[in-house]
Number of protein chains: 2
Amino acid sequence: MTVTLADVAARAQVSPATVSRVLNGNYPVAATTRERVLKAVDELDYVLNGPASALAAATSDLVGILVNDIADPFFGIMASAIQAEIGGPGGRAGGERLAVVCNTGGSPERELTYLTLLQRQRAAAVVLTGGAIEDAPHKAAMDAKLRKLADAGTRVVLCGRPQAPETGAIALTFDNRGGGRELTEHLIGLGHRRLGYIAGPQERTTTRHRLEGHRDALAAHGIEDDPRWTVHGRYDRRSGYEATLELLRRDPSLTAVVAANDSVALGACAALRDSGLRIPDEVSVAGFDDLPFSIDVVPALTTVRLPLAEAGARAGRIAMGREEEPPGGIASVRGELMVRGSTAGPRG
Amino acid sequence: MTVTLADVAARAQVSPATVSRVLNGNYPVAATTRERVLKAVDELDYVLNGPASALAAATSDLVGILVNDIADPFFGIMASAIQAEIGGPGGRAGGERLAVVCNTGGSPERELTYLTLLQRQRAAAVVLTGGAIEDAPHKAAMDAKLRKLADAGTRVVLCGRPQAPETGAIALTFDNRGGGRELTEHLIGLGHRRLGYIAGPQERTTTRHRLEGHRDALAAHGIEDDPRWTVHGRYDRRSGYEATLELLRRDPSLTAVVAANDSVALGACAALRDSGLRIPDEVSVAGFDDLPFSIDVVPALTTVRLPLAEAGARAGRIAMGREEEPPGGIASVRGELMVRGSTAGPRG
DNA sequence: AGCGTGACAGCAAGCGCTTTCTATGTACGT
DNA sequence: ACGTACATAGAAAGCGCTTGCTGTCACGCT
């Protein structure tokens, strides 16, 4: 039924070994023989059996990219950059690798299961993007898994995720804390003293770091951090909408709302508008990430730009061993404050 | 070094065959034996060797999802829905499958190469999303490839892509033409007679169908289709920005701009604003897809909502053989016109 | 002329798992 | 009690490929 190496060998009148060597090209084969083999491959429309090849060679060309939410451009942009470098087909790499992205949906179990699946396939490398979950048992399980992957020869790279010491993983982390601080300082500088904060899900590192940056800034300026001013939600627009209404209910005198990310900020803007409040005249709004749409909303969003594509590309290169690892296996990537129309001094 | 089935068998004092059967669970194994095996698996921290398993069983649990641009939520949303149904880990499906998304970046070569790679891996199913490329040689190559995949037992499903007859693929197509017509008719109904159209890349089916729908509407109302009113670009914001400036240069008297999709529409809005034109008072703008952000821009975008998540879920189910194929192997999915603030009568 | 030396090509032994077929008990029915 | 049927477990034959090792020439050097 299906064409095998042996069929090709028979047709080209050579041994299977020779066909294999022609295909893998790491062993001298006479030009005329090679031609003959290639011709047979073509005529028979032969397709290598991946599993068999992987089994015999004990290696695979699979590279996994884990993302929390594939429908979120934050991850899409990173994944795209990573994949381009891995050299999924046509990438700079040459050797054809199957770079695939796996959507965990933010679920700890799926994250772990995907890692196991990738481990089963003896993946050549794995890149984990975005924040990690801070549940202790889960973290322990993840670290153990990463350690095992690394030990088995799989290159593990973290992109936009805090370092996991002792796992052998290379980390490119985002300076969420610094970005958060800078953003809130900007608002404080404009004169704001009552700032609402819409945080992401409780148990994620990204959430915690951004929030800490925010609080650092408040503390540095001697501003009391009223617990009513912080609401947790998901990293999506809907959540931002609801959280903003809640914030307004708790304290209608807020003059600024800082959101966990741009999508949340969008929801916040909608909620404010629906509440009859003008941005930035009555309330300022700030986001985080600087996704492409952030410049298009009106007013354009003040936010912290994260070099997602650059970081992804670098992570991809490191995963392929085409770029030196950062010293200590970790590098921090800074964000850049983008001041735009959505923020202004209070009572504008 | 690595733990194999045989190691587990030895530790559990059974034969490798029994271990395999416990793991695959499709053969009677006494409860006590099973326990013993499971215990050994756990103690040894055994991980199945995917390639070996796939080779021996001649099947694989890999499912590929091809997308044109992973950074575009249009694809992200579909991919997410497909993956959820495939049952990547934790999905409804139970059996653990490795659902992976492959980013072609819109390149014909990469599309083909990914298909080959998936074919190598003997993928269980493949879902292709989004428009196809209309280059004849490429189409022929694709069709041949799809045919071969289908013949080899891989389930092939097209989601939001025109049917490829003779390939054995199941198609869920979007009614881009109908949606395009409806949208333009809405504008005509408002009184517009000079409508600019920003189309996508020339060689894509989606581009052509939406444009045809637009022209159908114009023709139906006896409106001349001035070639100056159509500009081709990419499916992104930047392109929309530039195309709009070009449109304005060619004919400053346009009263409406219809964009190939929402991202392009966003760029169009920015260009109009930068040109000092108010939306919708001076120029109306319409998009396509109804991505999440479309409701947040100001004014909110009039657009055609495509049920991306629903279609993706259905495609995923069909790929898993959990939903009956549509009659004739093809089903058309309609869009829904969403009238919002970005469109109004001319000289509003 | 004789032999060392490359340059190729082939043999054959696996890689780790699945699965058919066979063997061994055990529990029935009569 | 004896034969039959059923429930389990094992032996072993691959699945299709890679690769270390073993030839076999043909060439060039002394």
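Order of the sequence lines fixes the chain letters, A, B, ..., with proteins taken first and strands second; residue numbering starts at 1 for each chain.
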Whole-Å distance, Arg122(A) CZ to dC15(C) P, equals 14 Å
Taking donor-acceptor contacts at under 3.5 Å, does the side chain of Arg21(B) reach the base of dT20(C)? yes
#### Entry: Electrostatic pair Glu323(B):Arg314(B) at N-O distance under 4.0 angstrom
yes
From CG of Leu5(B) across to C1' of dG14(C) the rounded distance in Å is 16 Å
- prompt: Which is true for Ala17(B) with a 4.0 Å heavy-atom rule: it touches a base, it touches only sugar-phosphate, or it touches nothing?
  reply: base
Return no unless some side-chain N or O of Ser53(A) is found under 4.0 Å from OP1 or OP2 of dT18(D).
yes
note: Gln121(A), atom CD; dG16(C), atom P; distance rounded to Å ~ 15 Å
Considering only heavy side-chain atoms of Thr4(B), the closest of dC17(C), dT18(D), dA11(D) is dC17(C)
Using distance alone, with no hydrogens and no angle criterion, decide if Glu109(A) and His138(A) have a side-chain donor and acceptor under 3.5 Å apart.
no
Tell me whether Arg11(A) is salt-bridged to Asp7(A), with the criterion being a basic N under 4.0 Å from an acidic carboxylate O.
no
To the nearest angstrom, the CG-P distance between Asn49(A) and dC17(C) comes to 16 Å
Whole-Å distance, Leu48(A) CG to dT18(D) C1', equals 11 Å
When rounded to whole Å, the CG to P distance for the pair Leu55(B) and dG14(D) reads 14 Å
Q) Thinking salt bridges, do Lys139(A) and Asp135(A) make one under a 4.0 Å N-O criterion? A) no
Between CG of Asn26(A) and C1' of dG20(D) the distance, given in whole Å, is 13 Å
Winner on side-chain proximity to Asn24(A), out of dA9(D), dT18(C), dT18(D), is dT18(D)
Between Gln13(B) and Val47(A), the residue closer to the 5' end of DNA chain D by nearest nucleotide is Gln13(B)
message: Using OP1 and OP2 only, check whether a side-chain N or O of Ser15(A) sits under 4.0 Å from dC11(C).
response: no
Quick note, Val29(B) side chain, CB onward, closest among dA9(D), dT18(D), dC17(C) is dA9(D)
Between CG of Leu23(B) and P of dG16(C) the distance, given in whole Å, is 16 Å
Residue Gln13(A) excluded, over 12 heavy atoms near CD under 6.0 Å | no
Against the side chain of Thr18(B), the closest entry in dC17(C), dA9(D), dA9(C) is dA9(D)
- Item | Side-chain-base donor-acceptor pair under 3.5 Å for Tyr27(A) and dA7(C) | no
